[in-house]
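Reviewing the structure listed below.
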Number of protein chains: 2
Amino acid sequence: MVVFAGQGDVQRTMALLWRTAGPGDPRTAPGPKPALSVDMIVDAAIAVADAEGMSSLSMRAVGERLGRTAMALYTYVPSKGELVDLMYDRALAELPRGYDGEAGWRAALTRWAGDGWAFYLRHPWVLQVSQARPVLGPNEYVMMETLLGVLRGTGLGAPVVRRLVGTLIYFVRGTVQPVAEARQAATATGVPDQEWWDGRSAQIAQVAPDFAERFPMVVWLGTEGASPLGDEADEPCPDDDRPYMEAEAEKTFQAGLTVLLDGIEAAMRRAGL
Amino acid sequence: MVVFAGQGDVQRTMALLWRTAGPGDPRTAPGPKPALSVDMIVDAAIAVADAEGMSSLSMRAVGERLGRTAMALYTYVPSKGELVDLMYDRALAELPRGYDGEAGWRAALTRWAGDGWAFYLRHPWVLQVSQARPVLGPNEYVMMETLLGVLRGTGLGAPVVRRLVGTLIYFVRGTVQPVAEARQAATATGVPDQEWWDGRSAQIAQVAPDFAERFPMVVWLGTEGASPLGDEADEPCPDDDRPYMEAEAEKTFQAGLTVLLDGIEAAMRRAGL
DNA sequence: CTGATATCCTTATGCTGTAAAGAGATAGCT
DNA sequence: AGCTATCTCTTTACAGCATAAGGATATCAG
């Protein structure tokens, strides 16, 4: 299930996201000094999510990591939903903030996409934060600004760029998602990827003996190796520890990106650039 | 949180998916006749998910819709995870199974993408079924076969097509996702999209008065034409009831698809087709 | 010192998936 | 016909979840 953004007090959420919260009068209030902070909680929550996946992210788990009960967190954060928002925005801060355009926009965009790929693999849970409504934290805008800086190199106008932005982001997200979730599932369930796959495909042969007749093109896709393009033949990737699936997904990513870049070039040509 | 596929007895799951389950000896066993069936349960579950979203899909809710308790379902389905797998595969059966290639592959692919878009909007919860490991039900292969039938029209070889498949599917999924989840969130929380958005963007102005200096390109993106951020739409969106966001996302979808199609054409040209 | 306010804990409520055990129906077998 | 194995479905129970409510305790301004 997707975690929806918190819908509590909008004002407080935004203040937390943009860090305009505390420092009105820092230490004049009575009561014990806070032993925790929003930052500590967000960090602990990210650590939990990184290590054990979003499905293991509970208020108890976060509290435990800080030596507190679950309820102690509610002093700092209105609800779990808001905490997830904060985690999301904090994680985005890791992304590079600018790309050198000297080698051309194609190279820059390729590096941007690669960094995104690596980022989502580092924090797979980010893909599970609902995109229904933007979190609207500062780092989301920073990320947007970074991408726009790269796209400016194409010389395309705002209306075109506006559409490209979504396409590019969703492309990266979409192509990493299977890889990220497969990793999560493998660690969460303890079943290695290869094993799971073997079991299933053995079952398919048994349960659908007429597979080749029912799905001829799927079989064709799997068997035919040589490309009329003359691009590199598919090797079994011998000295590669990662699951086969990941290597394959990465090729999909690279090839898909090429298609996108070519498409952008076509748009530029059409715009007379 | 993403719902992971059930990891119970692989054999039984596959049998359920491919419907090779029951009819060994249909009516020789003692005991009361089953009042339910896997199909009825899957239908009821889909109805719940369609109406109230994946987060409201509980075994109790499904059972209630059938006049049974939650536990009654476990006679037919091993776990909630398996049920979700079955829902997913059943839903996919709705998709068209072939596209006329007479008007060219571009037209066919455009129609394919449009049907996918509509499908995901009809069943937003499908986007929340984990893609970590393929469900491997029959209709997933049918869908693949359909797409491959369209892509065959390009004349490209298997290795290239193999990569295009993922790119296209993720593109469609990625671009509908915000729209689908926004609809879900709006109905689930009862907060209309416009209202939520207004509250947040008003807060941004207050919390980041220096927004224009910090994010000049975001502002540029928003001022030249309609904006996903802040200001009202400059572009006319007459007699359209849907939230502004949806219309905008649809444009992103169309424009992104054009970029993809242009990119595919470039790949064909490079292959000498 | 007093009263107000802060952090943090304990307890409790209503969800969730599902394990365990039992009630009642129905078939084949004797 | 009666017995018994087997099936469906219910009840009850349990652990885990987010979080509401209330209480204990520490710290400030006066």
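Reckoned from all heavy atoms, side chains included, excluding hydrogens, waters and symmetry mates. Computed from a predicted model, the values in this text were never measured in an experiment. In the text below, chain A, chain B and the rest are named by the order of the sequence lines, each starting its count at 1.
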Notebook entry, point to check: For A/Val218, does its backbone N or O pair with a side-chain atom of B/Glu145 as donor and acceptor, under 3.5 Å?
Noted result: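 Yes, the answer is positive, given that a donor and an acceptor are paired below the 3.5 Å cut-off.
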Check: Under 4.5 Å between any side-chain heavy atoms of A/Thr69 and A/Glu64, yes or no?
Finding: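 Answer no - side chains too far apart.
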Note to self: Quick check on A/Met144: does its CE atom have over 12 non-hydrogen neighbours (other residues, nucleotides or ligands) under 6.0 Å away?
What the structure shows: no
Notebook entry, point to check: Of all the choices, C/dT7, D/dA18, D/dT8, which nucleotide is nearest to the side chain of A/Thr75 once you look at every atom?
Noted result: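 Comparing C/dT7, D/dA18, D/dT8 against the side chain of A/Thr75, the answer is C/dT7.
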Next item on the list: Could you tell me which residues satisfy ring pair (Phe, Tyr, Trp, His ring centres under 6.0 Å) with A/Tyr74, sequence neighbours excluded, listed by chain and number?
Entry: none
Next item on the list: With sequence neighbours excluded, tell me which residues meet ring pair (Phe, Tyr, Trp, His ring centres under 6.0 Å) with A/Tyr76.
Entry: none
Next item on the list: Look at the side-chain N and O atoms of A/Tyr76 and state whether any lies under 4.0 Å from the OP1 or OP2 oxygen of C/dT7.
Entry: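 No, A/Tyr76 has no side-chain N/O under 4.0 Å of OP1/OP2 on C/dT7.
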Checklist line | C/dT16 phosphate, OP1 or OP2, under 4.0 Å from B/Ser58 side-chain N/O | finding: yes
Notebook entry, point to check: Do any of residues 65-72 of chain B sit with a heavy atom less than 4.0 Å from DNA chain D, and if so which?
Noted result: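 Close to the strand are B/Arg68, B/Thr69, B/Met71, B/Ala72.
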Next item on the list: Mind telling me whether B/Phe215 and A/Trp18 have parallel, tilted or perpendicular rings, with 30° and 60° as the class edges?
Entry: perpendicular
Let me know the distance between [atom1] of [X] and [atom2] of [N], rounded to the nearest Å.
X	N	atom1	atom2	result
B/Met54	C/dT16	CE	P	15 Å
B/Glu52	C/dC15	CD	C1'	15 Å
A/Lys80	D/dT19	NZ	P	8 Å
A/Met40	C/dC8	CE	C1'	14 Å
A/Arg60	C/dT10	CZ	P	12 Å
A/Met59	C/dT16	CE	P	20 Å
B/Leu36	D/dC7	CG	P	17 Å
B/Leu57	C/dT16	CG	P	10 Å

Margin query: Under 4.0 Å, heavy atoms only, any strand: does A/Leu83 hit a base, just the sugar-phosphate, or nothing?
Written below: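 Contact class for A/Leu83: none.
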Output a table of nitrogen or oxygen pairs between the protein and nucleotides 23-25 of chain C separated by less than 3.5 Å.
none

Notebook entry, point to check: Say you draw a straight line from CE of A/Met143 to CZ of A/Phe119; how long is it, rounded to the nearest 0.5 Å?
Noted result: 8.5 Å
Next item on the list: Please identify each residue that fulfils salt bridge (charged side-chain N to carboxylate O under 4.0 Å, His left out) with B/Arg68, with sequence neighbours left out.
Entry: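 Once residues adjacent in sequence are excluded, B/Arg68 has no partner under the salt bridge (charged side-chain N to carboxylate O under 4.0 Å, His left out) criterion.
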Item checked: Qualifying residues under salt bridge (charged side-chain N to carboxylate O under 4.0 Å, His left out), relative to B/Glu140, sequence neighbours excluded ->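 Checked B/Glu140 against salt bridge (charged side-chain N to carboxylate O under 4.0 Å, His left out); zero matches.
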